[in-house]
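Accompanying notes for the structure given below.
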Amino acid sequence: MSAPMSPEAEPARVPEGILVHPTGARSRRVHEAALQATCDLLDEGGLPAVTVDAIAERSGVSKATIYKHWPSKTAVAAEAFGRRVAETVALPDTGTARGDLAEQVRLVSAFYASPAGTVFAQLLAACVSDPGAAPYFRVYFLHGRRVAIGVLWERAVRRGEVDPAIDVETAIDILFGPLIFRLISGHRPLTPEEADAISRAALHGLLRHTSPGAD
């Protein structure tokens, strides 16, 4: 996670719950410097390594200025993490809904099993006790991931391979919710084999049955 941050990744408008911060060229540079420093800290020690003092020291941005841009250290970390991950995501295109969705489940499972998945779990837990940071987690991480998976679902709907009456948000929760539960609880491993088992079970109910006994 060493690529530079991109200002264009910011939402076009300020979503609900996101702090309206100073704008202008200098403010953008300050914002990006703090995000880059936070990404480096996350790489080095996960969320526990991210403090406002550490961000200020690493970025050269004062603590007072950081608090003008974000309500808490968790909010900075959520934006930095979400925007960085967005730069590395590529959607599968296997030619079938089953192939696309099963491969995406494998990719997400591998992500959760990686060091980045540990940071995701730390952020998820931290946002429970820091409600001011939760919108940053939703906007900068969850929203982008769900929009991307929605692309796969809409592609499948156009092909007539899935039930169009199933809401895309419901489909996403069915396919990927079990992975988050396993990440948090640790009751089952996050392996390719387990990911395939989840997608097979979910897709048996999600895919349109074209003939009796069809998968």
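Values below: all heavy atoms of this structure, side chains included; hydrogens, waters and symmetry mates excluded. Residue numbers start at 1 and run along the sequence shown. Everything numeric in this text was worked out from a predicted model, so none of it was measured.
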Got [X] and [Y] here, is their nearest side-chain heavy-atom distance under 4.5 Å?
{"X": "Arg84", "Y": "Gln36", "result": "yes"}
{"X": "Tyr136", "Y": "Leu19", "result": "yes"}
{"X": "Leu41", "Y": "Lys73", "result": "no"}
{"X": "Arg155", "Y": "Asp93", "result": "yes"}
{"X": "Ile55", "Y": "Val61", "result": "no"}

Using the side-chain hydrogen bond (donor to acceptor under 3.5 Å, both in side chains) rule, take His31 and Glu79 through it: C-alpha gap first, then chi angles, then the decisive distance, then the call.
CA-CA 11 Å; His31 199 86; Glu79 180 174 345; 3.0 Å; yes
Checklist line | Glu57 atom CD, over 12 foreign heavy atoms within 6.0 Å | finding: no
Interatomic distance, [X] atom [atom1] to [Y] atom [atom2] [nearest 0.5 angstrom]:
{"X": "Leu91", "Y": "Leu107", "atom1": "CG", "atom2": "CG", "value": "9.0 Å"}
{"X": "Leu203", "Y": "Asp196", "atom1": "CG", "atom2": "CG", "value": "10.5 Å"}
{"X": "His21", "Y": "Arg28", "atom1": "NE2", "atom2": "CZ", "value": "10.0 Å"}
{"X": "Arg98", "Y": "Ser199", "atom1": "CZ", "atom2": "OG", "value": "8.0 Å"}
{"X": "Ile149", "Y": "Leu175", "atom1": "CD1", "atom2": "CG", "value": "8.0 Å"}
{"X": "Cys39", "Y": "Arg58", "atom1": "SG", "atom2": "CZ", "value": "11.5 Å"}

Does Arg29 form a salt bridge (charged side-chain N to carboxylate O under 4.0 Å, His left out) with Glu32? I'd like the steps, not just the answer. CA-CA 5 Å; Arg29 288 194 299 270; Glu32 297 306 313; over 6 Å; no
With sequence neighbours left out, the residues meeting ring-ring contact (aromatic ring centres under 6.0 Å, His included) with Phe141 are Phe81, Phe120, Phe137
*Evaluate the criterion salt bridge (charged side-chain N to carboxylate O under 4.0 Å, His left out) for residue pair Asp173 and Arg146; output intermediate values, then yes/no.*
CA-CA 9 Å; Asp173 288 347; Arg146 295 180 79 88; 2.9 Å; yes
In short, Ser27 meets His69 closest at the heavy-atom pair O-CE1, 3.6 Å
